[in-house]
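Numbers here simply count residues along the sequence, with the first being 1.
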Amino acid sequence: MNAIQPSGPSLKPQDPRRVARKRTQRRRHPYRATAIHTTAKLVVNLLLLFAAGSAIAKLLPYYLSQQQKLHEIQAEVQSVEGRVEGLRADLNRYFDPQQAQSVMREQSNRFEPGQRPLILQKK
């Protein structure tokens with residue numbers, strides 16, 4: 001066998017005070033592993049919280065600018081919708097057979113056979 005390692009259990013009697021002291025040391029911190037584990041979890045969660053907070057802080061100005069652009073676009077859409085409604089009403093009027101004569105008079109320089117043209121001149 002190896003000369004450095006003891007060949008078997010020590011035959012020397014154990015001191016009872018020393019054994020009791022080892023037992024109290026083990027009993028003194030029974031939740032040490034749990035405390036370390038919980039502390040590690042807290043540290044990791046705080047790091048994640050800090051990372052999320054900094055990401056939100058960086059994205060907040062971009063979000064606000066996008067909201068402003070959205071409001072501008074919505075206002076423009078509302079104004080264009082009013083214009084579209086007017087054009088749609090004109091389109092319906094142009095294709096209405098009952099109003100075809102009046103539309104033709106507005107769009108061209110022709111007159112009906114019984115009408116006389118009225119020409120205004122400056123003196």
Does Glu85 come within less than 4.0 Å of Arg88, counting only side-chain N to carboxylate O?
yes
Treating Ser79 as the side-chain partner and Glu76 as the backbone partner, does any N or O pair qualify as donor plus acceptor under 3.5 Å? yes
Spatial distance of atom [atom1] ([X]) from atom [atom2] ([Y]) [nearest 0.5 Å]:
| X | Y | atom1 | atom2 | answer |
| --- | --- | --- | --- | --- |
| Asn92 | Leu87 | CG | CG | 11.0 Å |
| Ser65 | Leu70 | OG | CG | 11.0 Å |
| Leu49 | Leu42 | CG | CG | 11.5 Å |

Sequence neighbours excluded, the answer for side chain to side chain contact (heavy atoms under 4.5 Å, CB included) partners of Ile73 is Val77
Find out whether Gln68 and His71 are in side-chain contact, i.e. whether some heavy atom of one side chain is under 4.5 Å from a heavy atom of the other. no
| said: For Gln98, I'd like to know if atom CD has over 12 heavy atoms of other residues, nucleotides or ligands within 6.0 Å. | reply: no
